[in-house]
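Just follow the structure's listing: the first ligand is 1, and inside any ligand the first atom is 1.
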Amino acid sequence: MKYKIALVGNPNSGKTTLFNCLTGSNLYVGNWPGVTVEKKEGDLRGTSSDMTLVDLPGIYSLAPYSMDEIVSRNFLLDERPDLIINIIDASNIERNLYLSTQLMELNCPMIGALNMMDVVKKTGVEIDVREMEKIFGYPFIEISAQKETGIDELIKLVEKTVDIKRLKEFPQIFPPEIMALFNEFDGLIQNKYPELLPDYPRLFRVIKLIEKDEEVLLKIAKNVELLADIDMVRKKIEVLSKHDVDSAIADYRYRFITDGISMATKKTKDQSIPFQERLDRVLMNRYAALPIFFFFMFVIYYVSITLVGEITIGGIEWFINDVLMVTVAAGLGSLGAADWIIALINDGIITGVGAVLTFVPQLVVLFIFISILEDSGYMARVAFIMDRIFRHFGLSGKSFIPMVVGLGCSVPGVMATRTLENERERKLTAVLTPFISCGAKMPIYVLMASVFFVEYQTLLVFSLYLVSLTVVFASGFVLSKTWFKGADSGYLLEIPPLRLPKLKNTATQVWQRTKEFIVRAGTIIFAASVVLWFLQSFTPGLQMAQTPDESILAVFGKIIAPIFIPLGFGNWVASVALLTGIAAKEMIISTMSVLLSGQEGSFTDAVSLIFTPVSAYSFVIFVLLASPCMAAIATMKKELGNWRDFLFALAYQIGLAYTIALIVYQVGSRIFS
Ligand code: GDP
Ligand code: MG
């Protein structure tokens with residue numbers, strides 16, 4: 001008979017290197033059925049029996065979130081290998097053992113191959129493999145796949161272990177009272193649902209049911225009684241552990257690992273702490289981490305938005321207004337083009353697309369910084385720190401980054417959601433990021449504050465950020481249970497090493513993101529600008545509008561203005577400004593100033609006539625929360641992928657903005673009347 005041996009481990013733990021050491025010629029390389037994940041099989045060399053070694057995709061857990069996890073998990077469950085070689089990057093032993101604690105539930109014989117021992121030895125750490133075996137319940141062996149040490153011993157150990165058929169014993173990962181609950185539940189399943197998931201090893205089945213694992217849920221979705229039974233156990237675990245079930249189970253696993261490791265390892269040499277680790281202690285310090293992060297972000301915004309903006313915007317605007325438009329007008333004029341064509345090209349296309357392209361230098365610099373922060377491993381650390389908080393609101397720690405980036409501009413913010421692997425969390429983050437006020441909305445707040453809230457300017461802006469945070473978290477909480485329902489990603493466990501970013505990576509990433517932005521400006525934004533220009537320049541009778549209030553846009557603004565009466569700003573100037581604000585939020589103020597230019601007195605006087613303090617506040621709330629500018633809307637469509645989610649997102653953003661502004665005005669005007 002041929003033995004089947006699975007090589008399982010985290011990505012980058014050295015699986016492929018070890019696989020090549022362990023196998024000889026007889027190699028089979030193909031794909032796993034139905035997916036493009038590579039499958040590699042080979043015969044184990046140097047053994048008297050016939051053994052096939054299968055290299056499984058690298059995974060961090062047995063939760064079914066990524067294709068790699070699903071492939072590995074299905075192989076382990078369906079094909080029941082005779083032995084698992086669990087390869088562990090010993091220089092990262094605690095994190096790697098997290099997967100091991102899950103593999104142990106499969107009740108399959110296992111060997112822990114502690115890889116990278118060459119690195120570990122240099123740091124002066126000694127691992128007692130006998131002690132490890134006592135604690136974890138299966139044998140360990142020290143190897144270095146790269147230096148090819150310990151390989152022959154590993155093969156001998158494989159021959160010795162392959163026939164034992166099951167894990168020697170399951171150690172006490174969970175406290176006795178939790179284990180008792182598991183056993184009780186296992187008993188219940190066997191009595192009440194004897195047909196349930198018969199291929200699953202018992203402990204694995206119990207834990208996956210209790211965790212409400214995504215794959216398992218799919219299989220039992222209709223079994224209401226079982227779901228109720230599961231909720232009962234979950235309640236009991238929550239009461240016992242005083243945590244939610246997922247964090248409780250993860251915590252027990254981690255505590256077991258840290259306790260075990262502290263017993264089985266010791267530092268021999270008194271090594272000085274490596275620089276990386278010292279840096280990490282500061283960057284991830286409980287108290288310093290967030291201030292440091294905000295300091296970085298402040299510097300990044302200052303440099304990319306303010307400094308680069310000051311240097312480039314003037315020049316670009318000069319080029320667009322005084323060079324490009326003048327040349328176009330003169331050139332087309334001399335060719336005898338009609339006025340409206342020149343106006344279309346200059347005021348429609350060049351102004352519209354130009355307004356967006358003006359930000360390209362700032363975005364490029366912002367992209368460079370973000371890419372460096374991502375590549376260096378720093379973003380992963382910030383995400384790790386925020387994970388616990390964000391998890392309560394249906395988001396992941398990785399949602400934090402798009403939102404912080406969104407403080408500057410929603411476009412790179414929404415693009416940054418790509419680092420989230422979990423689809424549900426990624427989409428949810430893309431929908432929520434525009435609720436974070438971008439920099440372009442600030443002038444509107446400042447205008448309203450200076451007209452109506454002179455003494456409370458800071459308070460006004462602060463209150464808006466508070467509103468935006470509340471909306472993000474409340475929406476996350478609600479939407480993650482409704483529209484964007486589904487499993488959470490696992491806890492963020494992996495913190496990649498800190499390293500200097502590679503110039504090539506950064507350059508490629510920045511180029512790709514910039515290109516995408518420019519392409520979008522050239523297509524969607526181009527089209528929208530033409531439409532907007534047309535609506536602004538023509539009367540409903542298709543004559544050129546002589547004054548701004550004759551245009552189709554103004555007429556349309558007058559028609560929709562009543563919609564905003566309950567919100568306090570049912571005047572057509574505000575409505576038209578909101579419409580042009582779809583092009584870019586900066587346009588809200590400039591539109592109002594154009595439309596109000598006929599009035600006597602200063603612009604701020606005119607503004608004070610069409611708003612009251614309460615309706616001004618309701619207006620800024622609406623601007624803050626309603627859908628972002630068209631560049632961000634287009635980005636959101638791209639990241640959400642399908643129309644269904646996209647239209648829902650728009651409806652949600654506009655609907656929520658309307659509702660909250662309505663409440664603000666209705667309540668506010670009764671209090672302050
Ligand atoms: P996989 O992702 O698990 O397949 O990991 P790979 O086999 O591709 O190895 C990841 C990296 O770790 C490669 O650069 C290897 O050269 C390196 N590596 C693998 N084993 C060892 C080892 O024992 N010692 C050291 N120093 N490096 C190793
Ligand atoms: Mg590999």
Side-chain angles (χ1 to χ4, degrees), residues 5-24 27-32 35-42 44-45 52-62 65-73 75-76 81 83-100 102-103 110-127 129 132 140-155 157-158 265 269 271 274-277 375 377 380 421 493-502 504-505:
I5 300 172
L7 187 55
V8 189
N10 285 184
N12 289 318
S13 53
K15 265 183 299 74
T16 304
T17 317
L18 179 62
F19 182 86
N20 294 337
C21 290
L22 289 177
T23 52
L27 217 65
Y28 162 85
V29 182
N31 275 349
W32 292 93
V35 292
T36 53
V37 179
E38 188 187 72
K39 178 177 188 175
K40 253 163 94 179
E41 266 182 36
L44 194 69
R45 67 169 173 83
T52 309
L53 186 66
V54 183
D55 185 17
L56 293 181
I59 53 174
Y60 297 114
S61 82
L62 287 180
Y65 299 126
S66 66
M67 214 59 239
D68 289 346
E69 284 166 340
I70 293 170
V71 165
S72 295
R73 166 167 149 155
F75 178 86
L76 293 171
L83 175 75
I84 294 174
I85 299 180
N86 176 206
I87 179 163
I88 293 157
D89 172 359
S91 66
N92 235 325
I93 191 163
E94 300 194 4
R95 226 173 286 146
N96 275 249
L97 282 168
Y98 188 75
L99 174 65
S100 313
Q102 302 192 2
L103 293 173
M110 187 150 86
I111 293 174
L114 297 166
N115 192 28
M116 314 259 182
M117 282 311 296
D118 55 318
V119 180
V120 175
K121 293 234 163 80
K122 273 192 215 138
T123 60
V125 172
E126 239 170 50
I127 302 175
V129 287
M132 291 280 289
F140 286 83
I141 184 164
E142 297 176 307
I143 63 165
S144 165
Q146 197 187 47
K147 305 271 180 297
E148 304 200 15
T149 55
I151 306 297
D152 293 338
E153 291 82 348
L154 173 60
I155 295 174
L157 187 60
V158 168
T265 60
K269 283 176 272 176
Q271 288 272 334
F275 174 69
Q276 272 215 356
E277 203 167 304
D375 239 31
E421 293 92 10
L493 307 165
E494 173 71 354
I495 307 182
L498 281 175
R499 58 174 172 228
L500 284 177
K502 287 208 185 72
K504 192 163 160 260
N505 278 355

Rounded distance (nearest 0.5 Å) linking atom [atom1] of [X] with atom [atom2] of [Y]:
X: Asn20; Y: Lys40; atom1: CG; atom2: NZ; value: 5.0 Å
X: Leu56; Y: Glu41; atom1: CG; atom2: CD; value: 10.0 Å
X: Leu500; Y: Asp375; atom1: CG; atom2: CG; value: 10.5 Å

Is there a polar contact between ligand 1 and [X], counting only N or O atoms under 3.5 Å apart?
X: Gly14; result: yes
X: Lys15; result: yes
X: Leu18; result: no

For ligand 1, which atoms, with element, lie under 4.0 Å from some heavy atom of [X]?
X: Asp118; result: 22 (C), 23 (O), 24 (N), 25 (C), 26 (N)
X: Ser144; result: 22 (C), 23 (O), 24 (N)
X: Val119; result: 26 (N)
X: Thr16; result: 1 (P), 4 (O), 7 (O)

Ile84 vs Ile111, side chain to side chain contact (heavy atoms under 4.5 Å, CB included): CA-CA, chis, key distance, verdict:
CA-CA 6 Å; Ile84 294 174; Ile111 293 174; over 6 Å; no

If you compare all heavy atoms of Leu99 against all heavy atoms of Ser61, which two are closest, and at what distance to 0.1 Å?
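Leu99 and Ser61 have their closest heavy atoms at CD1-CA, 3.7 Å.
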
Can a non-hydrogen atom of Gly58 be found less than 4.0 Å from any atom of ligand 1?
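It does not, in that no heavy atom of Gly58 comes within the 4.0 Å cut-off of ligand 1.
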
